[in-house]
Structure formats: C-alpha cells, structure tokens
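Read through the structure below, which is laid out as structure tokens, and then see the notes.
Please read all numbers here as calculations on a predicted model, not as lab measurements. Every chain is numbered from 1, with letters handed out A, B, ... down the list of sequences.
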Amino acid sequence: MAAPTVLEIALPTPLRRRFDYLPPEGVDTTLLKPGQRVRVPFGNQRLIGLILRVKSESSLPLQNLRPAEALLDTKPLLPDDLWRLCLWAADYYQHPIGDALHTALPVLLRQGEPDREKGEPYWQLTTEGKGLPEGALKRAPRQAELLAALQQRGALNRADLAALGIARSHVKTLEDKGLVFSREQVLTPSPEPNILRDTPLTLSDEQAAALAQIPEDGFHISLLDGTTGSGKTEIYLQAIARTLSQGRQALVLVPEIGLTPQTLARFQRRFAQPVVALHSGMNDRERLDAWLQARDGRARIVIGTRSAIFTPMADLGILIVDEEHDSSFKQQDGFRYSARDLAALRAHRLNIPLILGSATPSLESLHNARTGRYHYLRLTHRAGNARAPELLTQDIRRQPLDEGFSRDTLERIRTTLDAGNQVLVFLNRRGYAPTLECPDCGWLAECRHCDTRLTLHQTPRHLHCHHCDHQRAVPRACPSCKSTRLQPLGQGTERSEEALQRHFPDTRVLRVDRDSTRQKNAFRDLVEEVHRGDPCILVGTQMLAKGHHFADVTLVVILDSDAGLFSTDFRGPERMGQLLLQVAGRAGRADKPGQVIIQTHHAEHPLVRTLLERGYHAFAELILSERRLTGLPPFRHMALIRAESKRPENAVAFLKQVRALAEQRHPPGHELGYLGPLPAMLEKRGDRFRYQLQVNAANRGALQKLLSQLAPEMEQHALAKRNRWSIDVDPQDMG
DNA sequence: AGCACGCCGACT
DNA sequence: GTCGGCGTGCTC
Ligand SMILES: [Zn+2]
Ligand SMILES: [Zn+2]
C-alpha cells in the first residue's frame, strides 16, 4: 500500500498548533505544495488555511484526520523568500503561526478569494438579448435605451454607461432577465521604457557623498541620519532610480500618518514606472490588486505602511524605511512584529541594500550604527540656504499662564501674525480639558471602567474616556457634594483653540486633531487653506508633527513638552525628544528663518537641557549611557508577557506561575532576568486588570529559547483560560 | 478565538 | 413553558 499523504496546515486560530488533514478528495497529491491555501472543516466552521508541509505520516491515527475540502491555489501564494520570512517572524515574535500568516496576507486572500486581479467590468448581450426584436421593452425606456446601445456598439464598460447616464441598477435588471452578461478584463498597460519622468534635483556635496556610500546591490544597511529639510527623500529617489534601471523593484515603508497623497504624488512625478500604494485608506480589493501587481512585477515601486513589509515582490532590489524611529512600525496587538526589523532581515536574505532614514533615529539604530552593523550616513545641512530654527526655552514654573500660554509666548505669536506669517501650536492632548473637577470637594470625573480620568470635550459637549471609549454626559452638579461650580482642569486642544481665538479674534485659528479631522476631506481642505499662506494659527496634536510641512509657519509653540519625561515607560524621554524635534522641524524654510518656543516646567532637567543646548545626538548619547547602566534595550533584549482578566488575581496568579516555570527552565542571572508580575501602566482598562512580566536577556538566543519553551506551557496552563495573554518580543510600548 | 453544549433566572 | 446569561470544552 502506498504511503498516505498528510497535509500539515496553519489555521487562523490562537492555538499554537499545526493541524493535520488528508488531501481534498479527487486532487492529484503531486500538485500539493507548501504555501498553497486550502479550505478545511474545523470543528463546525470552515477555515482557510495554508499548507506548511506535505508529509506521509501524522502523530494522530489517520482515521481521525478529516479531509480538506478544497485546494484554492495552483501555486504557492508567496515567493519563497517571503514565505520563509513570515515563518521566521511567527517564531521570533512567538505568535501562533496560522494567525501570523493570515495577518501577513491581504484580507481577501484570507477569505479565500482567488489571487487574481479584478478587471474592469464590461457588458454584452446574450444570445437571447441579441434575438430581441427592435422596440422591445417599451415599458422600460431606460432598459430599452441600454439594449439599443448594446446592439449598436457590441459592448459597454463603466465609463460608457456613465456617459449614457444609465444607472447600474438597469444593467442588473437586464442581467437578471438573462438578456445581458458581464465580463471583466484586466487592463495591462504596456511596459514603460523610461525610468524617470521629472529630472532629479542636483544633489548637494553632502547628499552626493551619502548616496555614493549606498551600494547599488548586495546586503548593506545604511542609517541615513539627516535633519528635517536635509534632503533624505531626494537620496531615496535617486537610490531607487538606480535600482529601477537594473530592472529591479523598490519597496518603501513610511509611518501610518506619512502616506499622504503628496508623498505618493512626489514619487509619481519623479518616476515614469508604475508606483502603487498600500495603506489603510484603501479597500480590500484595491489592496489585493496592488499586492498582485507587486508580486507579478508590474508595480515597480511599492509605498506602504507597516504591513507592506509583507508585500511579495517579483524582483526586489532595494528597501527603504522612512522615519525609522516611528513607533507605528511595530504592530501593537495580535502578531506584534516590527516592520523595520523585518526589513533588515528581508534585505539580508535577499542580499539587497536597506536605507533607514530619520531626523531623530531610534536609539536601537544609533546603537547598531555605533557597533558597525549599520553604515552611518549623516546629513547636517538643510537644502538651499535654510537655517535651523532657533530654539527658545521658556521656564514656566514661576510665570502666570493664560490658558496655558505665557505672556511672552502670546507676544511672539502676535508679532509673527503681524509680520504676515503663520503660527503652529503643539499640544499633544485632544479634547477641551484632561478632566473635570469640583473645586469644593476635589471630585474628579473618572472612568467607571478604567483607572483614568475622563476627558472633557466641548464639540460636542461630553465626557470621554480615551482608553475604553466610554462616554457620558457632563453632570450639572458635582456627584459627590452637589456643588454646581464644576470646572475644567488643564488644557486640551479645544481649549487652546478657544483661548487663541479670544486673544486673536481677527485671525483664523484652525484645530488639527483626530476629532477635528474626522470628516472625510477635513484634513485635506485644511492643509489647502494653510498652504494659501494667509496668517493663521494652527493648534493641534501630533497629527501636525508628522508628514506635513507648512512652509509659511515661522513660529512653533510647544506647550506640554514635558509629557513623557517622567513616564514609567523607559522609552518616554526618547520619544519626547523625537516628537519635540519633529515639531520644531515644522518651523521656517529657506527665506524665512523659524523660531521654536518650548514651554517647560523642567528647564533644568539634564535631558531637557542636553536636548535643547547640545542637540539630539548628545541627548541620545546620554540616554544610551543610562540604558547601558540599567541594563535596558538596546544593551539587553526584552520581552513582555502580558495578562489581563476581569479579576486581578487571575492575571497575577497566572504570571506568577509563568515566572516560576521560567525560573525552573532558566534560573535568573546575567543571561536571563525576570521582573514582575507588575501592574501595567493603566492597571484597569475597559474593566480588565492588566499585569505584565518582564523578561530581559543578555542575548536574543537565550530569550528566544526560553520563550519557545514557555509559550506552549503557558497555553496548556489551566489559568491561561481565565486570562487574555500575549507575548511581546522587543516591546515598543511598555503600557 | 469561535462555537457548541449545558444548566438556572425572568419573559411572551 | 422558552429565550438567553456565560461557564467549560473542543477544534486535525
Ligand atoms: Zn464636589
Ligand atoms: Zn475608560
């Protein structure tokens, strides 16, 4: 008897197991390959899984195996290099393999859609439709009109229908009557011989030197460290041009917030070759089509956010990660991969160059540059003859503040507006005020479901928890003492907007935060208005800091620069510095030097002073030396095991046992250290109590080995079922 | 995670 | 009488 064929399948479940199935009935087993999708029965659901292995035995008796229902692909979905990268990442980030693979695929492929592009639909008459006598369908004039047009022209596409002014519903009716049928065709533009559309800018000596040090092929990681306006993008564009002329593709990753139509337009203006985007604003079909175009090589440049690191590329020749320090490159739930770190691995496996660019590189990357893993490239000059903005620290400890603004700040805002320039006010707190307080008894509006205060919003007026989305009406009287003198406590963007409007009644004050830009084109319209250049004040959150440059802004005011300085997250100060410089970088350009006012309560703090007096590199150096002493990343490696439960004791007990298991496997010492379980930064959130166990290691190997042993044991543990738990390798956010 | 089964409170 | 609350068990 011939050996049986058994399929080892990855299924989208949180179970850290692989499932064995028999091949679908009637399928030639020689056609079965790892990486193909199958539809399988699972309990009483049907799931889409991926073949991991085709083997001839199973640890289960064969009669217990169910046959797969269908084979969905004739070829593996992913090219081999990407397939292996996904498997590696599931392992490294300790995520169940089926779920990891599903996360890496476009939604429609997860759902079992064929890996084929949807073409442009067009309609033709069926035989029956053709046989219809002239003047038929008298009682349905629009349908008759459509029939006549089809009889005359043979076929109509969407544009034709629009031109004729015929709604799709009429076409649908005729389809249902069997008179018309639809087909689709994929439009394949003929390959474009030219690489460039616009002529490249002339590089400065510094830029040219940097580009010359980036090899055209072979594995190589460059950390391109250049201040705002120093022309990093031009280097990316010219490096991409070299790759395209070798006939290879480019993949560019940008932060969530940075993939604006302007970014895309800049690439499309420069290159004659097809550029596609992959971002959250696209629907599932658009994303799949772009993915397919990248895979078969029609798309030559792909620009995308985090998940685009999993785009299959027919012949990838260069990888670029812009704003590499941005935390959006690390997925914060489910499959917690770092797209930046995976980019490094992908470049290594493909033997191609990777450029990591930032004005404020992450400490990890600076460390890697220092130890020689990355090639360090520095751009210090701003393009043209632009000068760096002037930084002014304002110690606000003993100054009277008017709604958060010092007198001097207001004075400078006025001067700037009078000179016909624009002002940007940065406050990383949306809403009207961080909370509502009762001055008579000290009551504060707290969230019922979280350990946090409710934020007061005025447009529309309500109290809102930013952590669990809980909302409630604003009470008229204090729930505790019935006082009616409830008042907002602290400053949010809405309140700053109101205060600025009161001080400058004749000036446009524009608020930019998630609330004010919720409507579809709100942000675009606002950007357009600001670009017209009339004096105005922009007030907003980090939405203002990232992506957009406003050329007529000559004064930037940073109101709450200290947030993050005393955070329990060890990355708080690093992020504060990066955000601060990013905001500061919005000020001024060639012909208009900029000014940045930093209002701070901690003007004497060594980190603040270092950052403002000696710059980001000295600041980074200072933090790195602290990290070395305290044994934090990048000097030691870290994983966070989190657990949350409605009953706090469940989470604590589970993590205590996990720690015991871990210490059994590997006693604490230099190689591996354990800390916790400790309450998370927000201990209670959405009615769940959150705790975490920190594991730190001298090297990745030891951490990896421990976690790989621990994960299956945790899954088996009785207490695991009473908790939601996860493992976060290289955590970005300690919350 | 889903999704079943299963056994006790307040509804048509 | 049943609709539905979520406890626990299983998925090749
Ligand atoms: Zn009160
Ligand atoms: Zn809440």
Side-chain angles (χ1 to χ4, degrees), chain A residues 3-27 29 32-73 86-87 89-91 93-105 107 109-112 331-337 449 468 641-651 653-654 657-658 685-690 710-728:
Chain A
T5 303
V6 175
L7 304 179
E8 190 173 301
I9 310 287
L11 291 172
T13 95
L15 301 168
R16 312 172 107 80
R17 239 173 296 161
R18 297 156 176 231
F19 295 87
D20 285 351
Y21 283 85
L22 297 173
E25 272 157 44
V27 168
T29 55
L32 297 162
K33 297 270 152 39
Q36 290 169 331
R37 290 172 299 164
V38 282
R39 191 174 50 240
V40 298
F42 186 71
N44 35 16
Q45 353 170 24
R46 6 171 72 57
L47 296 178
I48 307 295
L50 286 148
I51 302 177
L52 291 168
R53 223 149 65 85
V54 182
K55 53 191 188 177
S56 55
E57 82 301 310
S58 173
S59 52
L60 270 72
L62 287 185
Q63 64 268 23
N64 288 8
L65 302 186
R66 300 168 77 177
E69 281 175 4
L71 176 66
L72 301 181
D73 299 307
C86 292
L87 298 179
D91 214 43
Y93 292 105
Q94 299 294 333
H95 196 70
I97 195 161
D99 201 55
L101 287 167
H102 263 241
T103 309
L105 291 177
V107 172
L109 295 182
R110 291 178 213 172
Q111 296 170 350
Q331 175 124 25
Q332 298 287 9
D333 51 66
F335 180 23
R336 307 171 110 100
Y337 63 95
H449 310 284
C468 75
I641 301 178
R642 307 172 210 265
E644 54 177 72
S645 166
K646 297 224 157 138
R647 315 244 93 254
E649 58 272 20
N650 284 338
F654 178 55
Q657 303 232 22
V658 172
R685 175 168 169 178
D687 288 322
R688 310 185 86 92
F689 292 85
R690 308 152 68 236
L710 219 47
E713 293 183 272
M714 289 172 66
E715 189 180 11
Q716 299 298 29
H717 200 103
L719 280 171
K721 291 185 229 5
R722 298 181 183 275
N723 283 286
R724 276 164 67 165
W725 63 275
S726 63
I727 301 176
D728 191 350

Fill in the blank from the handout: Rounded to whole Å, the CD-P distance (A:Gln45 to B:dG2) equals 8 Å

Handout entry: Under 3.5 Å donor-acceptor, A:His102 side chain and A:Ile48 backbone
Key = yes

Problem - Flag, side chain of A:Asn650 to backbone of A:Asn723, donor-acceptor distance under 3.5 Å - result: no

Practice task
Could you tell me whether A:Lys55 atom NZ has more than 12 heavy atoms of other residues or ligands within 6.0 Å of it?
Solution key: yes

Exercise for the section: Round to a whole Å and report the spacing from CG of A:Asn650 to P of C:dG7. Expected result: 12 Å

Problem - Gap between atoms CZ and P, on A:Arg46 and B:dG2 respectively (whole Å) - result: 17 Å

Problem - Nearest-neighbour nucleotide for the A:Arg722 side chain, C:dT8, C:dC12, B:dC3 considered - result: C:dT8

Handout entry: Rounded interatomic separation in angstrom, taking CD from A:Glu715 and P from C:dT11
Key = 13 Å

Fill in the blank from the handout: Whole-Å distance, A:Asn723 CG to C:dT8 C1', equals 16 Å

Exercise for the section: Spell out, as yes or no, whether a donor-acceptor pair under 3.5 Å connects the side chain of A:Gln94 to the backbone of A:Ala711. Expected result: no

Problem - Which nucleotide in B:dA1, C:dC12, B:dC3 has an atom nearest any side-chain atom of A:Asn44 - result: B:dC3

Problem - Touch class at under 4.0 angstrom, heavy-atom based, for A:Leu7 against every strand present - result: nothing

Practice task
Send over the distance from A:His102 NE2 to B:dG2 C1', rounded to a whole Å.
Solution key: 14 Å

Practice task
Could you tell me the separation between the CD1 atom of A:Ile9 and the P atom of C:dT11, rounded to a whole number of Å?
Solution key: 17 Å

Practice task
Give A:Phe42 one of three labels, base, sugar-phosphate or nothing, depending on what nucleic acid heavy atoms sit under 4.0 Å from its own.
Solution key: base

Practice task
Look at all strands and tell whether A:Pro41 reaches a base, only sugar-phosphate, or nothing, counting heavy atoms closer than 4.0 Å.
Solution key: sugar-phosphate

Fill in the blank from the handout: note: A:Arg17, atom CZ; B:dG2, atom P; distance rounded to Å ~ 16 Å

